[in-house]
Protein chains: 2
Amino acid sequence: MAEGTKWLDHDEQVAWRGFILGTQLLMDRLDRDLRLEHGISLPEYEILVRLSESPGREMRMALLADALCHSRSRVTHAVARMERAGLLERSKSGQDGRGVDAIMSQAGYDLLVRASPTHVEGVRRHLVDIAGTDFPVVGRVMNDVSDRLLAGKPASADPRRDCS
Amino acid sequence: MAEGTKWLDHDEQVAWRGFILGTQLLMDRLDRDLRLEHGISLPEYEILVRLSESPGREMRMALLADALCHSRSRVTHAVARMERAGLLERSKSGQDGRGVDAIMSQAGYDLLVRASPTHVEGVRRHLVDIAGTDFPVVGRVMNDVSDRLLAGKPASADPRRDCS
DNA sequence: GATCGGAAGTTGAACGTTCACTTAATCGGA
DNA sequence: TCCGATTAAGTGAACGTTCAACTTCCGATC
C-alpha cells in the first residue's frame, strides 16, 4: 500500500460509491419507465431524439454514432431493430455511395412525442429536482469529464460534431 | 407541447446531456482500463472489493446482490464465471440451508491488489481531479439520488444494508 | 407436525453490446 | 489513371444482463 497510488479517503469513497450507485439506479429507472410505458429502451429513445433534431429528421449512420458516442456496429444493430419495428427507414445516401441515412418514420415521431413526457418528467423528478441549485454544478463537472475523455480521440473529422 | 410537462430549458438540456455522456464515457473508460490491464470487468472488480471488505472475505449471495443493487440472477452468473476463473469459491452456508457463501480466493485477492491502483488512479484522473472542489457536491447529489430511488423498495429486510 | 407462503439461489433462453472481420466506395498521390 | 489507404456500413459469434420459470429450504400458523 506504500506505492505511489493516492487512495481515496473516506469522504471521497462515500462520494464515489454514491456516484456509481446513483447513476446506475437513475439510468435503470429511466430505461425501465420508457420500456414499461412505451416499449422502447433509453438508447432507442436517444436515437429518436437525435433524428428528430436533425433537418429532415434523417441522419447519416456515422453521424448518429458519433453524436451518441456509440460504436458503428452498435448503431447498425439498433437501427436495424428499430427499422423492423417501423420507427425509421434506411436509404442509401445520395452523395456518398457508402453512406446510409436513417430516416425517422411518422410512427417513430409519434412514439417520441408520446414518450418524451415520461422521460423528461423522470429526469426532473429523479435528478434535476433532487440536485436543486447544484444541478448546474453537476452538469458542468460531467461536461468537463466528457471533454477530457474525448480529447485525444478526434473521433470524426468534423469539428464540433463529436458526441454533442 | 402544451400539456403539463415542464420541459428542460437550454441550460438544463446541456447539463443533462453532459451528465449522460460523461457518466457513459467515464464508466466505459474505467471498465476498459481494468479489462486491458487486468482482464477483469468493472462489475467483477466491484464484487472483489465487496468480498475483500467483508469479514473472512466471504459474503452471502443475496448480500452481495443487495450491496451492489444487482439482481440475484446477475450475481449468480457473475460469481459462476469468477469461480471458473479461480477468483473465488462457493460453499453452502452453514446456518441457512438455502444460503450460499462466495469466498474470495488468494488469486482473487492478489488480482484485486494489482487492479486497485489502476481503478483508483482512473477515478482520480477522470473524475475527482476534474471536479476539484465540486466533487463533494457531486457526491452528495448522487447519494441523494440513490436514497430517493431506493426509498419505497426496502430490498432486503436488513436495515442499513441496502445497496451500501 | 403437516401445510402454505415466501425467501435463496439457480437455470436457460432472449436480448443488446462488443469484437473481429468483411464488403464496398471514396480519396489522394504516383 | 491506377493503386493503396482509408472510411462507411454491415455481419455473425461471443459475452453479459434480464426475465421468467423452477427447486429447495425456512418459518409461521393452526
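Note that the structure is a prediction, hence the values are computed from the model and not measured. Each chain gets a letter, A, B and so on, in the order the sequences are listed, and its residues count up from 1. The figures that follow rest on heavy atoms only: side chains count, while hydrogens, waters and symmetry mates do not.
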To the side chain of [X], which of [options] is closest?
| X | options | result |
| --- | --- | --- |
| A:R81 | C:dG9, C:dT17, D:dA9 | C:dT17 |
| B:V100 | D:dA20, C:dG9, D:dA9 | C:dG9 |
| B:H77 | D:dA9, D:dT18, C:dT10 | D:dT18 |
| B:A62 | C:dT18, C:dG9, D:dA20 | C:dG9 |
| B:R90 | C:dT11, C:dA24, C:dT10 | C:dT10 |

Practice prompt. Answer with yes or no whether the side chains of A:S105 and A:E89 bring together a donor and an acceptor at under 3.5 Å.
Written response: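 Side chains of A:E89 and A:S105: no pair found under 3.5 Å.
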
Distance check needed: [N] [atom2] versus [X] [atom1], whole Å only.
| X | N | atom1 | atom2 | answer |
| --- | --- | --- | --- | --- |
| A:R98 | D:dT7 | CZ | C1' | 5 Å |
| B:E83 | C:dT11 | CD | P | 11 Å |
| B:D66 | C:dA8 | CG | P | 8 Å |
| B:R74 | C:dC15 | CZ | P | 19 Å |
| B:D96 | D:dT24 | CG | P | 15 Å |
| B:Q24 | C:dT18 | CD | P | 9 Å |
| B:D101 | C:dT10 | CG | P | 11 Å |
| B:R84 | C:dT10 | CZ | P | 12 Å |

Worksheet item: Side chain of B:S73, base of D:dT17: donor and acceptor closer than 3.5 Å?
Response: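 For B:S73, whose side chain was compared with the base of D:dT17, there is no donor-acceptor pair (under 3.5 Å).
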
Salt-bridge present ([X], [Y]; N to O < 4.0 Å):
| X | Y | value |
| --- | --- | --- |
| A:R148 | A:D144 | no |
| A:D28 | A:R32 | no |
| B:R17 | A:E53 | yes |

Fill in: Residue closer to the 5' end of DNA chain C, B:R32 versus B:G99 (nearest nucleotide)
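Upstream on the strand: B:G99.
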
Fill in: Earlier contact from the 5' end, DNA chain C, for A:A78 and A:Q95
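The residue closer to the strand's 5' end, by nearest nucleotide, is A:A78.
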
Discussion item. Would you say B:R60 places a side-chain N or O within less than 4.0 Å of OP1 or OP2 belonging to C:dG9?
Written reply: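 Yes.
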
Item to complete: Looking only at non-hydrogen atoms, find the nearest pair between A:E12 and A:W7 and report the distance.
Response: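 So the two residues come closest at OE1-O, 4.1 Å.
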
